[in-house]
Amino acid sequence: MRKVTVIGAGAVGASCAEYIAIKNFAAEVVLLDIKEGFAEGKAMDLMQTASLNGFDTKVTGVTNDYSKTAGSDVCVITSGIARKPGMSRDELLGINASIVKSVSASLVEHSPNTIIIVVSNPMDTMTYLVHKTTGLPKNRIIGMGGALDSARFKYRLAEALGAPISDVDGMVIGGHSDKGMVPLTRLATRNSVPVSEFLSEERLNQVKEDTKVGGATLTKLLGTSAWYAPGAAVSGLVQAIICDQKKIYPCSALLEGEYGLSDLCIGVPVVLGKDGIEKIVEINLNDAEKEHLAASAAAVKTNNGNLEL
Ligand code: 2OP
């Protein structure tokens with residue numbers, strides 16, 4: 001369980017490869033892009049940090065040659081266009097669906113036993129598309145959104161608390177969209193103490209809203225989508241699988257009745273290990289949380305309806 005492929009050598013894919021390399025848990029990372037020489041250059045530049053960052057991971061870049069991805073234990077799909085300021089992730093569906101469809105088919109052709117992690121947006125719908133086009137077992141298709149949104153949630157909570165992020169825990173479930181995220185403030189803690197002991201409902205609502213537009217806030221500042229936190233978030237999921245960590249992450253998973261939802265992929269807590277999604281964890285939600293999750297699911301299903309399957 002040591003080979004990882006990252007499709008897309010853009011900012012997110014390259015960041016993901018960099019974090020995987022530095023964490024040193026995989027023997028080999030293959031970075032693939034369609035742009036001639038681009039992945040090769042990124043991989044070479046990254047390998048020239050090996051002595052500086054102290055890792056032995058072997059990162060190689062390839063231009064559109066899927067044979068070099070053969071036998072990958074985990075494949076990360078970051079390819080597609082990123083949103084520009086003012087755009088929603090949903091607006092990327094048309095272009096990114098055809099890219100993700102073709103990429104996932106090529107990956108499975110060379111790595112039939114792989115676990116796929118989808119990052120491309122609109123991520124929940126792209127994850128559903130990979131289910132529909134590859135037919136891989138549902139435990140082997142994972143969407144990365146909640147891990148990123150939860151990291152932004154913890155950032156905002158720590159800011160509001162004036163606490164170190166290492167003291168803060170929290171989870172975001174629901175769709176990976178500006179309106180669909182469900183930050184679980186009720187369950188968030190500062191060193192095991194509920195954050196409601198420290199922050200007013202009004203301040204917690206502001207934390208929720210800031211979390212939900214975390215991506216859009218950065219896109220406005222950067223002129224394109226973020227990459228450090230997305231790359232770091234997906235590298236954590238890869239590590240949980242490769243190292244069989246049995247960690248719980250909020251991931252976009254195909255639901256078949258869990259949370260009263262079916263036939264869609266949306267962010268819920270799952271146990272990640274060597275078999276990918278090893279368990280979907282059904283936590284008790286209060287009525288308001290259930291309502292937000294149901295509304296989020298309805299929006300994801302509307303997006304799914306725009307797919308040409
Ligand atoms: C984000 O929220 C790219 O969707 C990703 O930054």
Side-chain angles (χ1 to χ4, degrees), residues 1-33 35 37-63 68-69 71-79 82 107 111 114-120 123 142-155 158 164-169 214-215 218 222 224-251 272-274 276:
M1 283 286 284
R2 310 304 282 172
K3 180 173 181 178
V4 180
T5 282
V6 178
I7 303 298
V12 174
S15 293
C16 172
E18 179 184 11
Y19 291 121
I20 292 171
I22 291 173
K23 289 176 178 176
N24 221 13
F25 59 81
E28 184 184 2
V29 176
V30 173
L31 187 59
L32 182 145
D33 202 282
K35 188 177 170 190
F38 190 53
E40 289 86 337
K42 289 261 182 137
M44 187 184 291
D45 186 12
L46 185 45
M47 283 306 292
Q48 289 169 5
T49 74
S51 60
L52 303 166
N53 287 326
F55 62 78
D56 298 315
T57 317
K58 183 168 170 281
V59 184
T60 52
V62 292
T63 301
K68 297 290 193 298
T69 71
S72 291
D73 301 291
V74 179
C75 294
V76 179
I77 303 177
T78 76
S79 42
L107 285 170
S111 303
T114 196
I115 293 169
I116 290 181
I117 300 177
V118 181
V119 178
S120 310
M123 181 280 295
I142 303 158
M144 191 298 286
L148 169 61
D149 301 331
S150 300
R152 289 173 173 156
F153 183 37
K154 294 176 211 176
Y155 166 82
I165 285 189
S166 55
D167 236 11
V168 173
D169 203 8
L218 287 168
L222 297 166
T224 184
S225 280
W227 56 86
Y228 290 127
V234 70
S235 76
L237 305 190
V238 175
Q239 184 168 19
I241 296 164
I242 294 284
C243 301
D244 192 21
Q245 290 181 329
K246 312 296 188 196
K247 286 181 83 167
I248 286 184
Y249 278 100
C251 293
L272 281 190
K274 63 180 172 49

Worked check of side chain to side chain donor-acceptor pair (under 3.5 Å) between T57 and E28: CA-CA 6 Å; T57 317; E28 184 184 2; over 6 Å; no

M123 and M144: CA distance, side-chain angles, deciding distance, side chain to side chain contact (heavy atoms under 4.5 Å, CB included) verdict: CA-CA 7 Å; M123 181 280 295; M144 191 298 286; 5.6 Å; no

Heavy-atom pair of closest approach, residues [X] and [Y]:
{"X": "A147", "Y": "Y249", "answer": "CB-CD2, 4.0 Å"}
{"X": "G54", "Y": "N24", "answer": "O-ND2, 4.1 Å"}
{"X": "G231", "Y": "Y19", "answer": "C-CD1, 3.6 Å"}
{"X": "A232", "Y": "K23", "answer": "O-NZ, 4.1 Å"}

Worked check of salt bridge (Lys or Arg N to Asp or Glu O under 4.0 Å) between K58 and D56: CA-CA 6 Å; K58 183 168 170 281; D56 298 315; over 6 Å; no

Can you tell me how far the [atom1] atom of [X] sits from the [atom2] atom of [Y], to the nearest 0.5 Å?
{"X": "L31", "Y": "I7", "atom1": "CG", "atom2": "CD1", "value": "8.5 Å"}
{"X": "C16", "Y": "W227", "atom1": "SG", "atom2": "CH2", "value": "15.5 Å"}
{"X": "L46", "Y": "E18", "atom1": "CG", "atom2": "CD", "value": "6.0 Å"}
{"X": "L222", "Y": "Y228", "atom1": "CG", "atom2": "OH", "value": "9.5 Å"}

Passing candidate, side chain to side chain contact (heavy atoms under 4.5 Å, CB included) with V238, options D73, I115, I20, V29: I20

Side chain to side chain contact (heavy atoms under 4.5 Å, CB included) partner of I117, the single match among T78, L237, L272: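 For I117, the side chain to side chain contact (heavy atoms under 4.5 Å, CB included) check succeeds only for L237.
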
S72 and T5: CA distance, side-chain angles, deciding distance, side chain to side chain donor-acceptor pair (under 3.5 Å) verdict: CA-CA 6 Å; S72 291; T5 282; 2.7 Å; yes

